[in-house]
Amino acid sequence: MLKLTDDQLALAIKLDPATISLIVKKTTGPLYNLIFQMVRNREDAEDVLQETYIKMYNNLSGFRGESSLPTWLYRVATNAALEKLRKISPDRGIRDFQDEEFQEITINDRRALDEFNPERMMMNEEFKTVLNTYLQELPEKTRLVFVLRDQENLSLEEIVMITGDSDWSVKGRLKRARSFLREKLAGYLTEGKVNYEG
Amino acid sequence: MKGKDIISPQCKKIVYEICERMGEDMTSPHCREIMHHIEDCPECKAYLESLKKTVHVYRKTREEIPAGLEERMMELLKHGPGHATP
């Protein structure tokens with residue numbers, strides 16, 4: 001996402017306005033996508049993004065460079081988004097897949113996905129809504145890992161640093177997320193709810 | 001090696017991804033075993049391809065930044081967050 005040279009980082013630590021602007025310019029899109037996919041509300045997402053940048057501003061001088069600045073920002077944003085979710089639904093808690101829940105998923109007819117043309121389907125607004133609905137069905141932490149890996153293209157090592165979860169746990173969540181979404185998508189296409197011509 | 005040139009570059013890439021997830025090198029015996037199986041298994045090939053398509057469509061569904069968001073964040077930090085209304 002953003003790689004700072006040592007000189008840029010030194011300037012940032014002194015709260016150089018131009019460097020802060022560069023950081024915001026490079027990180028707003030990726031951070032907003034991550035936060036929005038977690039809280040699913042534009043106003044809440046903007047609040048969380050604002051909180052993330054305020055924390056960055058207040059704590060940048062204490063940034064030790066143990067992780068890259070973007071990784072650190074992702075971690076701040078992740079914690080703030082999970083905290084927002086707890087505030088929105090205090091009784092719900094943060095869900096996770098139960099093993100038995102996951103094992104109920106069945107392998108759908110693969111032909112539907114064989115014939116599926118992703119490029120054409122992405123022109124279909126209804127299809128995009130369906131994709132988002134399925135993404136929201138993932139438990140929060142599973143969704144978080146999927147978004148970081150498959151939308152933001154971060155490495156597993158970075159995701160381990162951001163989430164604070166073990167390597168094993170991150171891999172397991174990613175596997176379950178991909179399989180779950182694949183089954184949902186196959187089911188949707190198999191039921192013939194969409195026009196393949198997009 | 002049997003089938004070494006049969007598997008498509010795309011499948012090789014997928015196998016590489018699988019092995020990476022498992023924390024193994026693509027040349028490890030486990031990964032070689034997977035690759036050999038996939039060469040002869042249309043079901044596995046199709047399943048891996050469908051997983052790849054699934055990830056591909058989700059890559060394209062990133063949320064767009066609302067108009068003016070970047071500017072609002074710049075403004076927030078311009079004079080320090082003390083001036084903002086969180």
Side-chain angles (χ1 to χ4, degrees), chain A residues 15 17 20-21 23-25 27-30 32-37 42 45-47 49-58 107 110-114 116-119 121-122 127-128 131-132 134-135 146-147 149-153 156 167-168 171 174-175 178-179 181-186, chain B residues 8 10-11 13-26 28 30-31 34 37-38 40-86:
Chain A
L15 303 181
I20 292 285
S21 293
I23 293 169
V24 171
K25 203 173 179 57
T27 57
T28 295
Y32 181 78
N33 178 61
L34 168 69
I35 296 165
F36 182 85
Q37 299 298 4
R42 286 189 165 201
E46 189 163 335
D47 282 350
L49 183 64
Q50 183 170 309
E51 192 183 327
T52 301
Y53 283 133
I54 289 173
K55 283 186 179 165
M56 175 191 80
Y57 189 95
N58 289 335
I107 304 294
R110 70 174 175 83
R111 281 175 302 175
L113 276 162
D114 280 352
F116 169 58
N117 181 331
E119 304 307 328
M121 285 303 295
M122 291 312 291
F127 181 66
K128 288 184 192 170
L131 289 178
N132 278 321
Y134 293 152
L135 186 57
F146 179 79
V147 170
R149 181 70 189 99
D150 285 337
Q151 287 194 325
E152 297 306 322
N153 210 23
L156 289 172
D167 179 77
W168 177 257
K171 284 179 182 174
L174 185 61
K175 184 185 78 177
R178 286 173 170 173
S179 299
L181 293 172
R182 186 252 172 227
E183 296 310 320
K184 285 285 187 180
L185 191 54
Chain B
S8 73
Q10 193 175 37
C11 287
K13 194 177 167 193
I14 291 169
V15 172
Y16 180 80
E17 291 287 319
I18 294 170
C19 294
E20 191 192 35
R21 302 287 171 280
M22 296 189 308
E24 290 188 23
D25 189 89
M26 200 168 87
S28 75
H30 199 174
C31 288
I34 291 171
H37 172 78
I38 290 172
D40 298 323
C41 180
E43 292 292 321
C44 282
K45 266 187 189 170
Y47 186 77
L48 288 173
E49 185 59 29
S50 70
L51 275 178
K52 193 179 171 192
K53 281 184 177 178
T54 302
V55 170
H56 179 75
V57 293
Y58 275 99
R59 276 220 166 116
K60 302 249 176 188
T61 57
R62 298 178 84 260
E63 188 65 17
E64 287 180 18
I65 309 176
L69 179 63
E70 208 173 281
E71 290 73 18
R72 288 195 289 284
M73 294 301 121
M74 296 277 199
E75 192 60 29
L76 166 76
L77 297 173
K78 195 173 170 184
H79 304 291
H83 295 266
T85 51

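Lettering follows sequence order; numbering is per chain, from 1.
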Contact summary for A/Arg178 and B/Val55, nearest pair of heavy atoms = NE-CG2, 3.8 Å

Candidate pair B/Arg72 and A/Gln50, rule side-chain contact (heavy atoms from CB on, under 4.5 Å), full reasoning | CA-CA 9 Å; B/Arg72 288 195 289 284; A/Gln50 183 170 309; over 6 Å; no

Sub-4.5 Å side-chain heavy-atom contact between B/Arg62 and A/Gln37 | no

Gap separating the CG atom of A/Leu185 from the NZ atom of B/Lys53, nearest 0.5 angstrom = 9.5 Å

Where on B/Glu64 is there a heavy atom nearer than 4.5 Å to chain A: the side chain, the backbone, both, or neither?
-> backbone

For the atom pair CE (B/Met73) and CD1 (A/Ile20), what is the distance rounded to the nearest 0.5 Å?
-> 14.0 Å

Rounded to the nearest 0.5 angstrom, the NZ-CG distance for A/Lys175 and B/Leu51 is 11.5 Å

Would A/Met56 and B/Leu77 satisfy side-chain contact (heavy atoms from CB on, under 4.5 Å), going step by step from the backbone distance to the final call?
-> CA-CA 10 Å; A/Met56 175 191 80; B/Leu77 297 173; 3.8 Å; yes

Partners meeting side-chain hydrogen bond (donor to acceptor under 3.5 Å, both in side chains) with A/Lys128 (sequence neighbours left out) | A/Glu125

Cut-off 4.5 Å, heavy atoms of chain B, and the answer for A/Leu135 is both

Sorted by chain and residue number, the side-chain hydrogen bond (donor to acceptor under 3.5 Å, both in side chains) partners of B/Thr61 (sequence neighbours excluded) come out as A/Gln151

Worked verdict on B/Arg59 versus A/Asn153 for side-chain contact (heavy atoms from CB on, under 4.5 Å) = CA-CA 9 Å; B/Arg59 276 220 166 116; A/Asn153 210 23; 3.3 Å; yes

Per-residue tally against chain B (heavy atom, under 4.5 Å) across A/Arg42, A/Glu46, A/Glu51 peaks at A/Glu46

side-chain contact (heavy atoms from CB on, under 4.5 Å) between B/Tyr58 and A/Asp150, worked out = CA-CA 7 Å; B/Tyr58 275 99; A/Asp150 285 337; 5.8 Å; no

Taking all non-hydrogen atoms of both residues into account, name the closest pair between A/Tyr32 and B/Ile65 and its distance.
-> CD2-CA, 4.2 Å

